[in-house]
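Single-structure report; data block below.
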Amino acid sequence: MIEMKDIVKDYVMGGETIHALNHVSLRVEDGEYVAIIGPSGSGKSTLMNVIGCLDTSDSGTYILNGKPIGKYRERQLARVRNRHIGFIFQGFNLLPKLTCAENVELPLIYQKLPRGERRRRVKEALMEVGLGERMRHRPNQMSGGQQQRCAIARALAARPSLILADEPTGNLDKKTGNEIMALFDRLHEEGNTIVLITHDPGVAARAQRVLRMDDGCLTAQPAGGREEDA
Amino acid sequence: MLQSFKMALKAIGGNKMRSFLTVLGVVIGVVAIVVLVAIAQGTNASVVSSIESMGTNMLSVSINAKRTNPITLDNLRELAQDESIAHVAPYTRVSGTIKAGVTTYDDGQIIGTIQGYDAIRGYELSQGRFITQPDLNNRIFVAVLGSEAATEMFGKTDAVGETFSINGYTFTVVGVLEANGSDSTGSQDNQIFIPYTLAQRLSNMTRISSFYVSAVSSDEIYFAQAAVESYLQKIFPTTYSQYSVYNQTEMLSTLNETTATLTLMMGGIAAISLLVGGIGIMNIMLVSVSERTREIGIRKAIGASRGNILLQFLIEALVVSLMGGLLGLLISLGAISLLGPVLDMTLSVSPTVAGAAIGFSVLIGVVFGIYPANKASRLKPIDALHYEG
């Protein structure tokens with residue numbers, strides 16, 4: 001469960017202060033599927049990074065699963081990223097020199113799981129995303145859709161309490177994008193908590209709840225507001 | 001930990017040429033250290049063994065006084081009466097042209113001495129006899145040859161009865177020595193011994209300026225030295241510096257000090273090249289950090305802590321330096337087994353030196369790896385992820 005209150009994050013760019021997050025409050029329940037839409041530069045990526053503990057806020061409180069993340073130090077944040085958050089990026093962010101299976105195994109190595117357990121979880125996660133037979137391929141031997149599936153498997157293998165996806169279909173064609181979104185739907189049905197950011201209203205429409213980010217402010221998207229998106 | 005090593009090997013294998021060159025830097029450093037130190041130690045060992053082969057119960061005396069030198073054979077005979085002294089034998093080098101038939105033997109070294117010299121120096125006769133008192137008394141033209149001198153002059157070692165000439169004087173060979181090899185003063189087998197009295201006459205020299213003394217046993221060496229010194233003190237009462245008495249043990253310790261300094265100096269020079277290798281590691285690791293910023297970001301995003309990243313890069317630096325160290329050691333062993341026969345030395349790598357070389361290269365890996373590793377680990381995940389490299 002995510003509980004954010006009055007989160008502020010400013011950037012100074014070219015002598016000008018940009019309010020990337022302007023007193024943002026957000027609450028996401030366990031098992032929810034939330035989409036955040038908004039034009040580029042609206043601060044949605046910053047919000048995502050703060051939720052994902054990749055970045056820290058300047059002020060405000062952030063509680064993840066009852067833990068005061070805002071007060072955590074770097075070492076504790078790494079642990080939270082490792083065990084509680086599964087990141088899925090637009091650019092996949094797989095390590096090019098590792099095979100698909102090795103990429104999926106990586107967070108489990110940082111969790112210090114024994115080898116047998118890692119193997120089992122990698123296999124399980126790859127089966128889940130339908131990549132069972134592609135284990136030994138390297139990212140550059142796979143299609144975009146396959147790479148994203150591999151990245152999703154990597155997020156799932158760690159068994160996180162929250163899956164964060166940053167434009168997961170942004171680098172994919174429409175058909176592949178739909179397949180990936182279908183995968184998200186299934187993950188949601190299985191009980192995963194998902195927060196997804198996108199600027200594609202079609203993608204956002206699959207979520208239970210859609211929030212809109214504008215100039216660092218988060219507002220609830222009114223129902224049927226799909227047409228007006230940037 | 002094992003996983004970290006696998007990761008490091010993967011990263012090193014990912015850029016083979018670069019890794020090879022980095023490893024090479026360390027290899028050269030280690031080879032330089034190990035081989036140079038081995039040569040220094042080999043030199044020391046061969047000199048020490050040749051000094052030891054001369055016997056540890058020997059004193060070497062030289063008289064520095066020139067015009068006022070009163071030492072004669074009678075003095076030596078008197079000195080030899082001391083109960084701690086076994087033999088006293090003077091020696092003098094004579095220059096002259098050596099001819100055996102049509103052969104001129106240029107490498108021969110003519111030494112005038114008396115009976116007992118062979119015992120002091122530990123020479124064994126393979127044939128015939130050494131110089132005797134009658135030879136000295138009557139200045140008989142006889143000679144004892146080193147084994148090399150015999151083969152060079154007569155093509156054989158059983159040369160007793162053969163004749164040759166020094167500066168036109170004809171000598172008869174009365175004895176041939178066993179081969180002795182070389183010592184710090186050069187080969188001993190090219191020596192030609194003639195009666196001291198004859199040598200004095202040939203070189204127009206009346207006084208004895210250098211002689212050897214042997215103690216009855218190596219335990220008695222200090223008594224013998226005291227006897228020699230007090231005897232010489234009586235002859236040269238004014239200044240002490242007119243003669244000097246060396247004993248082998250003192251020579252050995254002086255030598256050991258000198259070669260220890262030499263070894264240290266050579267090792268130090270070689271260590272500098274290892275240091276350069278270390279800077280190579282640091283350079284490559286820094287390049288690697290900025291090249292792999294994105295990788296670091298990804299790893300951090302999926303949960304790698306600072307410690308994980310630090311360890312990863314440190315282990316990479318360590319593996320490179322350790323590979324360099326081991327490879328360097330192997331190459332050194334090869335180089336030494338090749339160089340040994342060429343330099344005519346017994347070269348060996350002591351476990352201490354091998355351990356030190358490996359240890360030092362690992363140290364280099366840690367020292368020069370820690371800065372890039374620390375730099376990598378400090379990257380903020382968000383900055384690293386968005387880095388466009």
Side-chain angles (χ1 to χ4, degrees), chain A residues 9 11 20 45-46 48-50 52-57 72-99 102-115 118 138-139 151 153-160 164 166, chain B residues 1-19 284-285 287-316 319-320 373-389:
Chain A
K9 177 88 185 170
Y11 286 115
S45 280
T46 306
M48 185 64 110
N49 291 333
V50 172
C53 300
L54 289 176
D55 208 351
T56 48
S57 58
Y72 275 19
R73 289 166 171 278
E74 167 60 27
R75 171 198 278 269
Q76 292 165 302
L77 288 178
R79 199 180 153 87
V80 170
R81 288 197 295 270
N82 188 209
R83 293 175 189 240
H84 298 290
I85 292 164
F87 250 109
I88 295 156
F89 302 91
Q90 177 176 4
F92 320 134
N93 279 344
L94 297 171
L95 294 185
K97 284 181 180 161
L98 302 186
T99 65
E102 284 167 340
N103 266 292
V104 175
E105 194 183 8
L106 214 49
L108 307 181
I109 291 173
Y110 291 129
Q111 281 185 14
K112 297 194 168 67
L113 289 176
R115 191 184 165 88
R118 294 202 307 257
R138 283 172 196 257
R154 180 177 65 186
L156 290 178
R159 301 204 175 138
L164 288 179
D166 187 351
Chain B
M1 201 65 185
L2 182 71
Q3 204 64 39
S4 312
F5 272 105
K6 276 189 193 161
M7 273 192 224
L9 283 177
K10 211 157 220 160
I12 291 163
N15 207 325
K16 289 197 181 61
M17 189 61 189
R18 182 197 290 175
S19 304
I284 290 303
M285 292 306 294
V287 170
S288 173
V289 167
S290 64
E291 248 184 17
R292 287 155 65 193
T293 300
R294 216 178 148 75
E295 175 190 329
I296 296 165
I298 295 169
R299 285 180 185 271
K300 284 204 158 183
I302 61 170
S305 64
R306 266 195 63 186
N308 292 133
I309 301 292
L310 188 80
L311 197 67
Q312 182 189 347
F313 278 84
L314 202 55
I315 285 179
E316 256 181 66
V319 167
V320 165
N374 190 41
K375 194 177 161 180
S377 74
R378 276 181 189 280
L379 288 170
K380 280 179 80 176
I382 190 68
D383 298 335
L385 261 184
H386 291 158
Y387 180 83
E388 303 291 335

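Computed from a predicted structure; not experimentally measured. Naming convention: chains lettered A, B, ... in sequence-line order (proteins, then strands); numbering from 1 in each chain.
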Over all atoms of both residues, closest heavy-atom pair of B/A8 and B/V319: CB-CG2, 4.2 Å
Heavy-atom side-chain proximity of B/I12 to B/V320 below 4.5 angstrom: yes
Side chain / backbone / both / neither for A/L94 at chain B, heavy atoms under 4.5 Å: backbone
Residue A/I109 versus chain B: region with a heavy atom under 4.5 Å: side chain
Heavy-atom pair of closest approach, residues A/P160 and A/G86: CB-N, 3.4 Å
Report the donor-acceptor contacts between chain B and chain A below 3.5 Å as a table, one pair per row.
from	atom 1	to	atom 2	distance (Å)
B/Q3	OE1	A/R118	NH2	3.1
B/K10	NZ	A/E102	OE1	3.1
B/K10	NZ	A/E102	OE2	2.5
B/R294	NH2	A/N93	OD1	2.6
B/R299	NH1	A/Y110	OH	2.9
B/K300	O	A/R81	NE	2.6
B/K300	O	A/R81	NH2	3.4
B/I302	O	A/N82	ND2	3.1

SG-CD1 distance between A/C53 and B/I382, expressed to the nearest 0.5 angstrom: 11.5 Å
Heavy-atom pair of closest approach, residues B/L379 and B/A384: CB-CB, 4.3 Å
A/F87 vs B/I302, side-chain contact (heavy atoms from CB on, under 4.5 Å): CA-CA, chis, key distance, verdict: CA-CA 7 Å; A/F87 250 109; B/I302 61 170; 5.5 Å; no
From CA spacing to verdict: side-chain contact (heavy atoms from CB on, under 4.5 Å), A/L164, A/I88: CA-CA 6 Å; A/L164 288 179; A/I88 295 156; over 6 Å; no
